[in-house]
Undergrad: 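Before we start, here is the structure in question, set down as structure tokens.
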There are 2 protein chains.
Amino acid sequence: MAGRNLGGPKADALDLGAVFRALADEHRRSVMTELAADRSDSERGCNSFDLPISKQTQTHHFRVLREAGLIDEIDYGNRKGIRLRRADIEKRFPGLLALLGAGPPADTAPR
Amino acid sequence: MAGRNLGGPKADALDLGAVFRALADEHRRSVMTELAADRSDSERGCNSFDLPISKQTQTHHFRVLREAGLIDEIDYGNRKGIRLRRADIEKRFPGLLALLGAGPPADTAPR
DNA sequence: CTTCAGGTACGATGCAAGTCGTACTTGAAG
DNA sequence: CTTCAAGTACGACTTGCATCGTACCTGAAG
């Protein structure tokens with residue numbers, strides 16, 4: 001039941017290069033954008049993101065996000081929980097999560 | 001003399017994915033970190049960064065930074081000028097440049 | 001003019017990364 | 001027990017990208 005938390009780097013050990021590499025991928029960035037937009041920071045299932053990729057690839061992407069220190073993964077055996085490490089990210093890279101809400105370039109509204 | 005400015009995306013068209021991809025490379029990030037640290041935003045020569053890579057590769061990296069909209073490249077024919085697009089970056093992605101100063105993870109000095 | 005340094009263009013190469021197929025594990029439900 | 005869905009491990013494939021070698025262009029200085 002309890003579920004064990006798969007390991008990731010400590011807050012002070014977050015590497016900016018790893019973070020940028022993690023956010024460079026469109027699928028991973030969409031996950032992070034969704035997580036950042038939910039201020040309740042509740043735990044989510046990893047199939048709640050509607051990613052148009054196979055589950056093996058999803059496993060890969062969530063692992064990259066975890067190893068970059070951006071999310072926690074809680075292993076329940078036959079399912080998995082995802083939680084944003086908001087406090088750690090804001091402590092080390094303040095303002096980063098806010099950038100994810102900047103939206104697509106040249107939004108449809110020209111002004 | 002005047003030197004023509006090689007093209008890049010407009011401020012409103014800056015793409016977050018292209019920016020993260022550009023900053024994912026260590027050499028490009030070091031260039032941006034140096035530029036962001038110089039508040040005078042003066043034009044710099046492109047061999048003033050001491051990059052440990054060949055000049056062909058430097059050409060490639062500066063092109064990536066320019067196409068991501070992070071820098072302007074001014075072509076003088078047989079030399080080139082580099083200038084940070086600070087205002088445009090701050091307008092579209094406020095706080096991004098400040099993140100570059102976050103430094104290496106958990107510096108070896110615990111203090 | 002020639003020479004030379006800074007920079008670019010094109011191609012080749014090597015490596016990292018995204019993707020998926022197959023097979024296996026885990027835990028819950030019948 | 002068996003069945004099933006969620007997830008992982010491993011490997012193969014493919015694409016992207018950083019790097020450099022060779023050749024060429026540009027402008028300034030002799």
Side-chain angles (χ1 to χ4, degrees), chain A residues 1-8 15-33 35 42-83, chain B residues 1-8 15-33 35 42-83:
Chain A
M1 297 340 103
R4 60 194 196 86
N5 195 333
L6 302 176
D15 174 57
L16 191 55
V19 169
F20 280 146
R21 273 191 297 275
L23 295 177
D25 182 85
E26 189 181 0
H27 296 135
R28 288 193 294 260
R29 200 166 61 252
S30 76
V31 168
M32 290 299 298
T33 302
L35 288 173
S42 55
E43 185 176 320
R44 297 186 51 168
C46 46
N47 47 4
S48 68
F49 294 97
D50 270 349
L51 295 175
I53 51 181
S54 69
K55 57 180 183 176
Q56 307 97 300
T57 305
Q58 292 188 33
T59 294
H60 164 68
H61 285 314
F62 286 121
R63 169 194 283 261
V64 172
L65 289 175
R66 171 173 54 88
E67 292 181 343
L70 296 175
I71 63 171
D72 279 329
E73 286 185 292
I74 300 95
D75 183 17
Y76 295 101
N78 67 342
R79 82 182 139 199
K80 203 172 51 177
I82 301 294
R83 181 170 293 161
Chain B
M1 254 336 174
R4 60 193 196 87
N5 194 334
L6 301 177
D15 175 57
L16 191 56
V19 168
F20 280 145
R21 274 191 296 275
L23 295 176
D25 182 85
E26 188 180 1
H27 296 134
R28 289 193 293 260
R29 202 167 58 251
S30 77
V31 168
M32 289 299 297
T33 302
L35 289 172
S42 54
E43 186 176 320
R44 296 186 53 168
C46 44
N47 47 4
S48 69
F49 293 96
D50 271 349
L51 296 176
I53 51 181
S54 68
K55 57 181 183 175
Q56 307 97 298
T57 305
Q58 292 189 33
T59 295
H60 164 68
H61 284 316
F62 285 121
R63 168 194 283 263
V64 172
L65 289 176
R66 171 172 55 87
E67 292 180 344
L70 297 175
I71 63 171
D72 278 328
E73 287 185 293
I74 300 94
D75 182 18
Y76 295 102
N78 66 342
R79 85 184 134 177
K80 202 172 52 178
I82 302 293
R83 180 170 294 160

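Every chain is numbered from 1, with letters handed out A, B, ... down the list of sequences.
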Undergrad: Figure out the CG/P separation between B:Leu51 and D:dA18, and round it to whole Å.
TA: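 Atom CG in B:Leu51 sits about 13 Å away from atom P in D:dA18.
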
Undergrad: Taking only residues two or more places apart in sequence, or in another chain, which ones meet A:Arg21 in a side-chain hydrogen bond (donor to acceptor under 3.5 Å, both in side chains)?
TA: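 Expected list: none.
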
Undergrad: Kindly determine whether A:Ser30 and A:Leu51 satisfy side-chain contact (heavy atoms from CB on, under 4.5 Å), including the steps that lead there.
TA: CA-CA 9 Å; A:Ser30 76; A:Leu51 295 175; 3.8 Å; yes

Undergrad: If I take atom NE2 in residue B:His61 and atom C1' in nucleotide C:dT8, what distance separates them, rounded to the nearest angstrom?
TA: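 Atom NE2 in B:His61 sits about 15 Å away from atom C1' in C:dT8.
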
Undergrad: Can you list everything that forms a salt bridge (charged side-chain N to carboxylate O under 4.0 Å, His left out) with A:Glu26? Sequence neighbours excluded, please.
TA: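 Result, salt bridge (charged side-chain N to carboxylate O under 4.0 Å, His left out) vs A:Glu26: none returned.
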
Undergrad: Summarise how protein sits on nucleotides 5-14 of chain D as a single string, 5' to 3': B when a protein heavy atom is under 4.0 Å from the base, S for sugar-phosphate-only contact, - for no contact.
TA: -BBBB-----

Undergrad: Once salt bridge (charged side-chain N to carboxylate O under 4.0 Å, His left out) is applied, do any residues pair with B:Arg29, and if so which ones, sequence neighbours excluded?
TA: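 In terms of salt bridge (charged side-chain N to carboxylate O under 4.0 Å, His left out), with neighbours along the sequence ignored, B:Arg29 is linked to no residue.
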
Undergrad: Nearest-Å distance, OH (A:Tyr76) to C1' (C:dT25)?
TA: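 Taking atom C1' of C:dT25 as the reference, OH of A:Tyr76 is at 19 Å.
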
Undergrad: Name all residues meeting the salt bridge (charged side-chain N to carboxylate O under 4.0 Å, His left out) criterion together with B:Glu73; count only those two or more places apart in sequence or in a different chain, and write none if there are none.
TA: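 Once residues adjacent in sequence are excluded, the partners of B:Glu73 under the salt bridge (charged side-chain N to carboxylate O under 4.0 Å, His left out) criterion are B:Arg66, B:Lys80.
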
Undergrad: Partners of A:Arg79 by salt bridge (charged side-chain N to carboxylate O under 4.0 Å, His left out), sequence neighbours excluded?
TA: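 Testing A:Arg79 for salt bridge (charged side-chain N to carboxylate O under 4.0 Å, His left out), a comparison that skips the adjacent residues, returns none.
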
Undergrad: Can you measure B:Ile53 atom CD1 to D:dG21 atom P for me and round it to whole angstrom units?
TA: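 Answer to the nearest Å: 13 Å.
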
Undergrad: Please state how far atom CZ in A:Arg4 lies from atom P in C:dT25, giving the value in whole angstrom units.
TA: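 Interatomic distance, CZ of A:Arg4 to P of C:dT25: 16 Å.
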
Undergrad: Indicate whether OP1 or OP2 belonging to C:dC20 is found under 4.0 Å from a side-chain N or O atom of A:Ser54.
TA: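 So the side chain of A:Ser54 is within the cut-off, an N or O lying under 4.0 Å from OP1 or OP2 of C:dC20.
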
Undergrad: Listed in order of residue number, which residues of residues 15-30 of chain A have a non-hydrogen atom at under 4.0 Å from DNA chain C?
TA: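 A:Asp25, A:His27, A:Arg28 - these, ordered by number, are the residues of the stretch whose heavy atoms sit under 4.0 Å from the strand.
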
Undergrad: Could you work out, with side-chain hydrogen bond (donor to acceptor under 3.5 Å, both in side chains) as the rule, every residue matching B:Thr57, not counting sequence neighbours?
TA: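 Partners of B:Thr57 by the side-chain hydrogen bond (donor to acceptor under 3.5 Å, both in side chains) criterion, ordered by chain and then number, come out as B:Ser54.
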
Undergrad: side-chain hydrogen bond (donor to acceptor under 3.5 Å, both in side chains) with B:His60: which residues, sequence neighbours excluded?
TA: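 Not a single residue meets the side-chain hydrogen bond (donor to acceptor under 3.5 Å, both in side chains) criterion with B:His60.
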
